[in-house]
Amino acid sequence: MTSQTRRTGGTPYLYHSSHWGTFTAVREGDALRIQPISDDPDPSDILQNIPAALSHPARLARPLVRRGWLEDGPGPDPRRGTDGYVEMAWDDALDLAAKELARLGGGRGEAGEENAGRHVFGGSYGWSSAGRFHHAQSQVHRFLNVSFGGYVASVESYSSAAGSVILDTVAGNWRRLSREGRWWEHIRERTELVIAFGGLPLKNLAVSPGGNSRHIAAESIRAAAARGARFVSISALHDDFPNDCPVDRLAPRPATDVALMLGMAHRLIHTGAVDRGYLETYTTGWEALRAYIEGEEDGQPKTPDWAQAICGVDAREIEALADLAARSRTLITIAYGLQRAENGEQPVWMALALSCMLGGGVRRGAGFSYALGSMGNHGKPQLAVPSPTLPQGRNRSGDFIPVARIADLLLNPGGRYTYRGKDRKYGHIRLIYWAGGNPFHHHQHLDRLRKAFAKPDTIIVHDNVGTATTAHADIVFPATITAERDDIGASAGDPFLVPMKKLAEPYGEARDDFSIFCELSLRLGCLAEFSERRTAREWLEHLYGETRGALAEAGLPAPAFDTFFEGPPLHLPTSDAPSMMEAFHADPAANPLATPSGRIELFSHLAVAGGLPGHPAWIEPEEWLGSAMARTHPFQLVANQPAGKLHSQLDFGKTSMAAKIGGREVACMNEADAERLGIREGDVIRLWNARGAALAVARPSSGIAPSVIRLSTGAWYAPREIEGAGPACVNGNPNALTADRPASPLSQGCSGQLCLVSVERLKAPDPGTVPHENILLRPKRR
Ligand code: PGD
């Protein structure tokens with residue numbers, strides 16, 4: 001790591017980190033100057049969102065309590081989201097919160113009533129900060145485990161649920177499958193053809209949870225292309241692949257990639273290109289899949305012509321791609337976005353099956369990689385030593401929901417559902433405790449979520465800023481941002497352990513999540529258990545100790561904590577161990593996969609038990625361009641990850657604001673569609689369906705397929721009445737439109753990437769946007 005700790009004049013640059021890059025920073029008056037570390041070949045502009053956070057008026061300065069809750073007491077309340085707030089002194093707000101927690105069973109912990117936490121939703125999903133100690137989700141889980149003895153948790157993620165569950169089911173361990181394997185190295189050196197379903201969008205690869213110190217995707221793609229490797233990006237959006245790298249593009253209708261893959265599979269069978277040796281040695285169930293592809297099961301052979309009718313890609317191009325794949329060392333990757341959809345398991349499973357038909361990953365540089373185009377830390381060497389994580393304690397409640405079922409949980413207590421083939425029942429939630437996430441950004445069908453958030457007795461939220469989630473809370477505690485505290489940055493797949501130095505004093509009276517939970521624990525009589533009598537600084541030293549011990553054991557330099565924390569990021573050793581798939585390929589009997597057969601399952605009884613077909617299949621979604629609903633809502637909305645920010649974080653920052661027009665999110669649509677509808681660049685447009693509406697600024701483009709409109713996520717939710725047209729999110733949050741429909745009964749995953757909408761030029765007067773500082777109604781001082 002190049003030393004960057006001094007600048008002219010002697011003021012020290014301090015190291016810090018974020019999910020989208022490691023950097024050094026220096027205060028210049030009230031401003032914060034940020035520089036990516038020099039080791040990063042392709043730093044992300046998202047770094048430049050950080051300075052605005054230090055003093056933006058959307059920041060929360062003091063605790064807030066909702067007026068209706070204060071006056072009428074806890075209980076279900078439809079006023080959440082429209083009510084006003086009062087500011088309170090910390091001690092008063094903490095006393096109030098502790099009293100309510102105690103009323104609901106908090107403070108008795110291990111000794112208390114069995115399952116006191118079964119009425120508490122603490123799943124609290126969200127990315128919050130890169131620092132591993134002040135990681136809000138870990139802090140809230142630990143607090144609820146200590147104070148309530150547990151809580152209703154959440155499993156899976158909004159990023160990947162359908163894909164993870166199906167890969168666990170048919171390939172044993174999705175995490176190892178997606179993370180292990182040095183794919184970027186292989187792409188640079190060996191791969192001849194990369195078929196990237198969902199592309200390899202650099203905006204996604206900028207980010208990885210806990211930090212991303214070296215953005216190597218662009219240089220790896222260029223090096224591979226210079227060596228003669230070919231890339232095929234399969235997406236309706238041109239910018240899902242870097243524009244300055246050579247690539248062939250295919251643009252199937254969104255949600256139809258499985259049909260395209262089946263068309264390729266049919267061609268491989270009929271040209272004799274299937275690697276039967278691989279299928280026999282490493283897979284089970286080929287015969288069932290083959291019979292389906294050949295039409296023996298349903299009378300419909302999945303020919304390239306059949307595929308063309310569904311996906312819109314020319315049958316001859318499908319054949320050519322299959323032929324090219326068969327004669328090349330081919331890597332198939334599939335991005336998270338394809339599985340964040342109805343029947344999202346199918347494209348992931350079929351992509352894996354296709355790669356098996358091509359001979360799997362026996363040859364270096366060939367095979368299957370899940371989510372290489374979705375996360376900056378995939379396809380890189382794994383660490384050989386553990387990195388710091390905050391222990392969360394034991395959750396005795398035993399209850400959980402699949403993460404994207406939060407609205408169902410609240411709206412349907414006692415309701416039954418299935419998950420991974422098991423029958424389950426929703427509990428009855430009286431308290432929601434959320435820290436470090438923004439469900440009114442990340443969840444689907446936000447109008448439905450508003451109704452769900454009316455149900456509990458009490459909602460407590462910690463955040464740095466006044467988001468739409470804080471605007472639905474009863475008690476809001478203002479948290480510091482990462483720049484206002486010391487921490488340690490670390491990520492699986494990233495070689496640097498980063499001393500994240502405090503760069504600024506806390507805004508207003510904001511406090512760290514840890515210290516807020518210490519205060520509540522003190523009031524609930526469980527401080528010693530929660531803090532283990534350590535200060536925040538002592539926790540950092542303690543957590544670092546495990547990494548240090550492992551370094552020393554390996555005979556590597558293991559600096560003392562103070563030396564580490566005052567110095568540059570510490571380079572951690574990476575592991576040379578073979579990946580899960582390399583070990584399996586080397587000796588499938590000795591290293592079986594964790595599936596019932598020990599092999600990759602192209603037919604799965606567990607999938608059948610979970611409510612899916614036994615093999616990958618084309619299942620028509622309810623919302624795609626070929627469905628009945630497309631007659632009334634003829635555009636496929638792609639609600640993907642934004643380029644100017646991470647999710648909804650720092651939406652007011654420089655890079656994020658530069659991507660908007662007039663403070664509103666931009667929607668990209670095909671230029672011929674725009675012309676037909678009389679929509680010009682810069683017009684305000686309204687997107688709507690039966691679930692809701694959103695306004696956006698139109699950008700006609702040739703880089704997007706016809707009948708597709710892209711409105712990325714991240715705008716802060718602000719529903720307002722539009723003259724003559726009902727409510728719409730005036731800032732452009734696409735989750736006003738998406739469906740809260742599980743990907744399948746197997747995974748219950750988020751399907752928020754795609755839905756159908758109508759589009760028109762806004763006829764009513766433009767109501768303007770709601771600035772970030774006005775999302776949460778500003779309180780009056782008491
Ligand atoms: P963020 O905007 O990152 O979104 O959903 P997620 O909830 O993670 O929210 C983090 C929140 O934490 C912010 O409000 C931030 O201010 C706060 N925060 C930051 N630091 C701290 C801290 O130290 N303490 C506390 N208390 N708070 C802090 C992301 C989710 O959205 C994800 S991961 C995906 S992949 C999904 N993607 C899509 C999609 O593609 N399409 C749709 N339609 N919807 C999606 N939703 C999902």
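Atoms within each ligand, like the ligands themselves, are counted from 1 in listed order.
- By the 4.5 Å heavy-atom criterion applied to side chains, Q649 and S656 are not counted as neighbours.
- With respect to the salt-bridge test (charged N to carboxylate O, under 4.0 angstrom), the residues R175 and E156 do not qualify.
- The aromatic rings of Y717 and F440 lie parallel to each other, their planes meeting at an angle below 30°, with 60° marking the opposite boundary.
- Salt bridge present: R405 and D408 bring a charged side-chain N and a carboxylate O closer than 4.0 Å.
- Note on ring orientation: taking the six-membered ring where Trp is involved, the planes of H56 and F652 are parallel (angle under 30°, cut-offs 30° and 60°).
- Between D487 and K502 no salt bridge is recorded (no basic side-chain N to carboxylate O distance below 4.0 Å).
- Residues with a heavy atom under 4.0 Å from ligand 1: Y125, G126, W127, S128, S129, A136, Y158, S159, R340, G436, G437, N438, H441, H442, Q444, H462, D463, N464, V465, T467, A479, T480, R485, D513, A639, Q641, H647, S648, Q649, T713, N735, T738, G752, Q753.
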